Each structure stands twice: as structure tokens, then as C-alpha cells.
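Read the structure below first, then the notes.
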Amino acid sequence: MPYVWKVDEGNKVKLKDYDPNDTMHVNHASIDQDLKDLSKELGDLQELLAAAQHHSLLIVLQGMDTSGKDGTIRHVFSHINPQGCFVHSFKAPTTEELAHDFLWRIHKATPSKGLMGIFNRSQYEDVLVVRVHNLVAENVWSRRYDEINHFEQLLANSRTIILKFFLHISSDEQERRLLARETDKDKAWKLSASDWSERRYWDAYQEAYEDALSRCSTNVAPWYIVPANHKWYRNLAVAQTLVETMRQYKDEWHSELVARGQEEIEMLKKMRPHQE
Ligand code: AMP
Ligand code: MG
């Protein structure tokens with residue numbers, strides 16, 4: 001059973017059709033154990049990915065402010081070996097980054113074979129915040145959907161498994177979370193006055209997201225819409241989708257390891273011809 005909505009290539013997304021409160025009839029009662037089991041399996045799969053050195057894995061996390069990108073990283077990847085994983089957070093570009101094409105800084109941050117890379121924001125900011133605030137001309141950002149698709153195809157051709165998650169919250173939920181940051185001393189460090197001013201552009205962001213989801217979901221780099229008003233469900237849904245995707249490669253990674261082991265044994269035999 002799918003826990004998230006996969007956007008099929010060519011589908012036109014209207015975010016109003018997706019309920020951010022949805023929990024897909026999942027029972028909240030056993031959730032802690034379920035997430036623990038999934039995180040553990042994710043850790044095992046990641047170990048195999050790292051050992052096989054055959055694929056890279058790229059996870060893109062996008063969502064409105066307060067949608068839970070940081071929280072997802074903290075909860076879902078708790079059993080991952082830090083040696084095989086990194087998180088890259090994309091902020092407003094530096095002067096040097098702005099002096100290059102928009103994918104320059106992104107490409108440099110992509111995971112090499114065996115690594116799991118998590119993008120906290122990504123190339124998509126260049127068709128989101130950049131579009132909403134007219135940071136470049138329309139004829140520039142409108143080309144970027146195709147450019148992103150080509151870029152992601154290039155990564156896939158080099159055996160990068162790509163999953164892109166849009167953490168979908170409602171406007172009311174964002175307001176509640178922003179207010180909570182003001183009242184809860186432990187959350188106040190996350191406060192950013194600009195979050196309130198960005199909130200005024202909610203509709204423009206939703207529209208920009210709809211275009212990014214519609215135009216850039218492909219078979220090699222699908223978008224998944226995650227109902228994210230409930231944090232427990234968001235974590236479970238992301239973990240489940242990741243594990244289900246990685247399971248499909250398990251046998252391949254295993255064969256890769258066995259073949260590599262065989263090669264090494266053959267080499268050793270050649271090095272020690274007289275010992276037999
Ligand atoms: P945060 O994720 O809260 O640390 O904020 C990062 C900020 O960087 C957000 O306000 C993003 O909109 C902004 N940002 C990320 N990428 C870009 C970009 N390509 N152009 C402009 N702003 C960006
Ligand atoms: Mg922020």
C-alpha cells in the first residue's frame with residue numbers, strides 16, 4: 001500500500017486535491033515500533049548500498065517553511081551510518097555560486113557511488129523562491145524545468161537513484177507551527193522573522209510547487225507528495241517509501257558484493273600460485 005502520492009510523469013498536480021491531514025488509515029498505536037523497524041531496515045540497506053558501491057542515492061526534501069524537512073532528517077535517518085551519508089542544506093546562493101549556472105553548486109554536492117546524499121532544499125529553489133520573488137527573468141526560470149529534468153536524467157544515467165519528497169502542509173498548520181515557535185522557548189531558535197513575510201506569498205509558492213511537481217516528475221526521478229500535517233505520519237511515509245525503493249536493489253547489490261569477493265579470491269590465488 002502506498003503511503004505517499006507518487007506523481008506520475010506528465011500528471012498535472014493541483015495541491016488542493018491532496019489532503020495534508022491524510023494518514024491513509026494508518027493506525028497511530030503501533031507507530032513508534034513501525035518507524036523503529038523501518039529505520040533499522042533503512043540502516044541495513046544503506047550498509048549494502050555503501051558496500052556494493054554500485055549506485056548513489058539522492059533524496060531531495062522540499063516543502064514550505066516549517067514543513068518539517070529538518071525533523072524528517074532527524075527521525076528517519078537515525079539508524080544510518082554517518083560514514084555513508086551526508087546532508088547538504090542549500091541556502092541563498094553566494095556571490096561565487098551566482099556567478100555560475102544554477103546547477104553548478106548542486107552538481108558538486110551530488111553523492112558519489114555508495115553514498116546516500118540528502119538535499120535539504122535543492123535545485124528546485126531555483127524555480128520556487130527565485131520564481132516567486134522574480135530573482136531572475138521569467139524566460140530564465142521557465143527554461144529551468146527542462147534543465148533540471150536533463151540534469152536528473154544525467155545523474156540517473158550514472159546510476160543515481162533519485163527520490164524527491166514534497167512535504168505538504170496546510171496554511172493553517174504553518175501558522176500554528178510558526179506561533180508555536182514564538183511561545184515555546186525550546187523552539188524559538190528556529191524563529192525567523194522572514195518566515196512570516198514569506199507566508200504572505202503562500203499562494204504563489206503553492207502554484208510554483210504545482211508546476212515543479214507537474215513538470216519535473218519523471219520515471220527516473222519521481223516526486224512524492226507526503227501529507228505532512230501529522231509529523232508521525234510524515235516520518236513513517238518517507239521511511240516506508242525509501243525502504244520500498246531500496247529493497248528493489250537489494251539482490252543487485254548483493255550479487256555485486258559476491259562478484260567482488262570472487263574477484264578478490266581469484267586475485268589472491270594468482271598471487272599465491274604455489275600454495276595450492
Ligand atoms: P532555511 O532552510 O530555513 O535555512 O532557509 C534557507 C533559505 O535559503 C530559504 O529562505 C531559501 O528560500 C533560500 N534559498 C535556498 N536556495 C535558494 C536559491 N537558489 N535562491 C535564493 N534563495 C534560496
Ligand atoms: Mg527557514
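Because the structure is a prediction, the values reported are computed rather than measured. Whatever order the structure lists them in is the order used to number ligands and atoms, beginning at 1.
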- Against heavy atoms of D126, which atoms of ligand 1 measure under 4.0 Å? 19 (N)
- Message: Tell me whether the rings of W104 and H100 are parallel (<30°), tilted (30 to 60°) or perpendicular (>60°).
- Response: parallel
- Item | Polar side chain donor-acceptor pair, N157 to Q153, under 3.5 angstrom | yes
- Task: Classify the contact between K91 and ligand 1 as side chain, backbone, both or neither, using a heavy-atom distance cut-off of under 4.0 Å.
- Result: both
- Against heavy atoms of P93, which atoms of ligand 1 measure under 4.0 Å? 17 (C), 18 (C), 19 (N), 20 (N), 21 (C)
- Considering heavy atoms of the protein only, find what lies nearest to atom 23 (C) of ligand 1 and give residue, atom and distance to 0.1 Å. A92 CA, 3.5 Å
- Query: From atom 10 (O) of ligand 1, is the closest protein heavy-atom distance below 4.0 Å?
  - Reply: no
- Partner of V13 under side chain to side chain contact (heavy atoms under 4.5 Å, CB included), chosen from Y18, F166, Y209: Y18
- Item | E41 and L45, any side-chain heavy atoms less than 4.5 Å apart | yes
- Message: Working note: R176 + D184, criterion salt bridge (Lys or Arg N to Asp or Glu O under 4.0 Å); need CA distance, chi angles, decisive distance, verdict.
- Response: CA-CA 12 Å; R176 271 192 291 277; D184 183 342; over 6 Å; no
- Task: Identify which of Q123, R121, E125 has a heavy atom lying nearest to atom 2 (O) of ligand 1.
- Result: R121
- Message: Please classify the V130 to ligand 1 contact at 4.0 Å (heavy-atom distances, strictly less than): side chain, backbone, both or neither.
- Response: side chain
- Task: Answer side chain, backbone, both or neither: which part of R105 comes under 4.0 Å from ligand 1, heavy atoms only.
- Result: side chain
- Note on the structure: One should read off an interatomic distance between H28 NE2 and T23 OG1, to the nearest 0.5 angstrom, of 9.5 Å
